[in-house]
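Below is one structure, written out as structure tokens; the observations come after it.
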Amino acid sequence: MVMAGPLLFLLLHFTLVQCDITDGNAEHLKREHSLMKPYQGVGSSPSSQWDFWGSTLVTSSYVRLTPDERSRQGSIWNTVPVYLKDWEMHVQYKIHGSGKKNLHGDGIAIWYTKERLHPGSVFGSNAKFHGLALFIDTYHNDEAADRSFPYIYAIVNNGSLPYDHGNDGRNSELGGCSSEIRNKDHDTYLAIRYSKGRLTVMIDIDDKNEWKECIDIGGVRLPTGYYFGASAATGDLSDNHDIISMKMYQLMVEHTPDEDSLDWTKIEPSVSLLKSPKDNIDDPTGNFRSTPLTGWKVFLLLLCALLGIVVCGVVGAVVFQKRQERNRRFY
């Protein structure tokens, strides 16, 4: 019972930390990096903060990157580079169309990259990018049965990693989760947080403001001075790919003097992993195997550790008592 209080405190603390990602504070909203209705500041004028390309259509209710038509590509990009060390991007989006199950494609990509407005073969954008890409992939190219699509996954690239279309980026994927996000009667959401070298992605597909962890990776290094954007593409199969909003929040995080003295614009995008990204294979439930422990797992580990200490204490006491009895026989 003595240990119950600390264990409960740790469990509650862990749960609260998980909830922090949804605390979008309006005071910390960075409007110059946010895309919101009625989409003012979108266009090709010198004062525009967002520029678009390809099949992108800007309406009063949504930004449609591609219509439900074959062989279309579109993107929208923030024209203002981001110099925040810690940030959180909330994306409200909708993917819908007339295609039945497994007859739709290809999906949406959310970018934080050095390049902007560079059309290419990866969801309508450049394949060998510098920075972070989060893919909402709705079409299954890989025949492997251990991933269910639609599938959301992240890749960090320094411009040297080619994107493997045949395997849906599996060789360079850092982590991901399956999510049924197509043809919902409501909008769907995701939150991307980068803070102190940790990348966390949460999703809300039921429009209940209840977030589920999709990706949580430590050891991620991303520079400042990159651009946010979104792109989409269709091939032989198609969908409407709509962005409703992209809201950027500054996270108020303290850094060490050494961290503050770094030139963050010179950081090379990278991830410090104990194993290769191609080994980061999700389990059948869609959860990344290497994600941090959930609250219940932490509680169970602490409980097992406590039981182990008790067992060791009992065994130690028994052994000590027997040695004492043995020693008495020599007197």
Side-chain angles (χ1 to χ4, degrees), residues 12-36 49-50 77-93 109-114 116 130-134 136 152-156 174-175 177 188-204 209-230 243-272 288 291-295:
L12 291 174
H13 174 73
F14 187 88
T15 304
L16 290 172
V17 169
Q18 291 293 81
C19 295
D20 283 346
I21 194 167
T22 63
D23 296 340
N25 191 330
E27 295 180 0
H28 300 146
L29 176 69
K30 309 303 289 184
R31 295 188 179 277
E32 67 271 25
H33 302 303
S34 297
L35 178 69
M36 300 178 291
Q49 294 177 337
W50 292 82
W77 287 88
N78 191 200
T79 62
V80 184
V82 177
Y83 289 101
L84 304 177
K85 299 173 184 176
D86 304 89
W87 47 261
E88 185 170 307
M89 173 64 82
H90 291 198
V91 182
Q92 181 180 359
Y93 67 99
I110 307 298
W111 305 91
Y112 176 66
T113 58
K114 182 179 181 180
R116 54 178 298 273
H130 293 77
L132 167 70
L134 184 76
I136 308 169
I152 301 172
Y153 56 100
I155 291 177
V156 170
L174 296 177
C177 64
T188 43
Y189 303 81
L190 63 84
I192 309 168
R193 165 177 282 210
Y194 178 69
S195 182
K196 295 186 77 67
R198 190 161 208 90
L199 176 68
T200 307
V201 177
M202 306 286 283
I203 59 174
D204 175 10
N209 197 28
E210 296 177 358
W211 295 86
K212 174 187 175 184
E213 183 180 291
C214 178
I215 303 169
D216 196 355
I217 303 283
V220 179
R221 289 175 58 82
L222 295 174
T224 59
Y226 281 17
Y227 298 90
F228 271 102
I243 297 291
I244 314 302
S245 68
M246 297 176 67
K247 297 180 180 179
M248 162 66 83
Y249 296 93
Q250 180 179 7
L251 301 177
M252 309 309 292
V253 177
E254 292 186 4
H255 288 269
T256 65
D258 289 341
E259 290 173 335
D260 286 331
S261 65
L262 291 175
D263 185 352
W264 285 60
T265 62
K266 298 294 195 301
I267 292 175
E268 184 82 0
S270 62
V271 182
S272 301
F288 183 50
T291 50
L293 298 173
T294 61

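Since the structure is predicted, the reported quantities are computational estimates derived from the model, not experimental observations.
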Within this structure, what is the [atom1]-[atom2] distance for the pair [X] and [Y], rounded to the nearest 0.5 Å?
{"X": "I244", "Y": "L35", "atom1": "CD1", "atom2": "CG", "answer": "10.0 Å"}
{"X": "M89", "Y": "I110", "atom1": "CE", "atom2": "CD1", "answer": "8.0 Å"}
{"X": "D216", "Y": "L199", "atom1": "CG", "atom2": "CG", "answer": "8.0 Å"}
{"X": "E259", "Y": "E254", "atom1": "CD", "atom2": "CD", "answer": "11.0 Å"}

Would you say the ring centroid of [X] lies under 6.0 angstrom from that of [Y]?
{"X": "Y249", "Y": "H90", "answer": "yes"}
{"X": "H255", "Y": "W264", "answer": "yes"}
{"X": "Y112", "Y": "W87", "answer": "yes"}

Discussion item. Between T200 and R193 (side chain of the first, backbone of the second, donor and acceptor by atom type, cut-off under 3.5 Å), is there such a pair?
Written reply: no
Do [X] and [Y] touch side chain to side chain, with heavy atoms closer than 4.5 Å?
{"X": "W111", "Y": "L132", "value": "no"}
{"X": "L174", "Y": "I215", "value": "no"}
{"X": "K196", "Y": "D86", "value": "yes"}
{"X": "L190", "Y": "Y93", "value": "yes"}
{"X": "K30", "Y": "L84", "value": "yes"}
{"X": "S34", "Y": "L29", "value": "yes"}

Worksheet item: T256 and D258: side-chain donor and acceptor closer than 3.5 Å?
Response: no
Worksheet item: With sequence neighbours left out, what residues match S270 under side chain to side chain donor-acceptor pair (under 3.5 Å)?
Response: none
Fill in: SB check K212 D204 (cutoff 4.0 Å)
no
Worksheet item: Do NZ/NE/NH1/NH2 and the carboxylate oxygens of E88 and K247 come within less than 4.0 Å?
Response: no
Fill in: Trace of the side chain to side chain contact (heavy atoms under 4.5 Å, CB included) decision for I217 with R198
CA-CA 6 Å; I217 303 283; R198 190 161 208 90; over 6 Å; no
Donor-acceptor list for residues 218-226 side chains, cut-off 3.5 Å, not counting sequence neighbours:
none

Discussion item. Heavy-atom count check: over 12 atoms from other residues, nucleotides or ligands less than 6.0 Å from E268 CD?
Written reply: yes
Fill in: Over 12 non-hydrogen atoms of neighbours within 6.0 angstrom of NZ in K85
yes
Response to the item:
Minimal heavy-atom distance between W50 and H33, with the atoms involved, is CZ2-O, 3.4 Å
Worksheet entry | Residues I203, C177; criterion side chain to side chain contact (heavy atoms under 4.5 Å, CB included); working and verdict | CA-CA 10 Å; I203 59 174; C177 64; 4.0 Å; yes
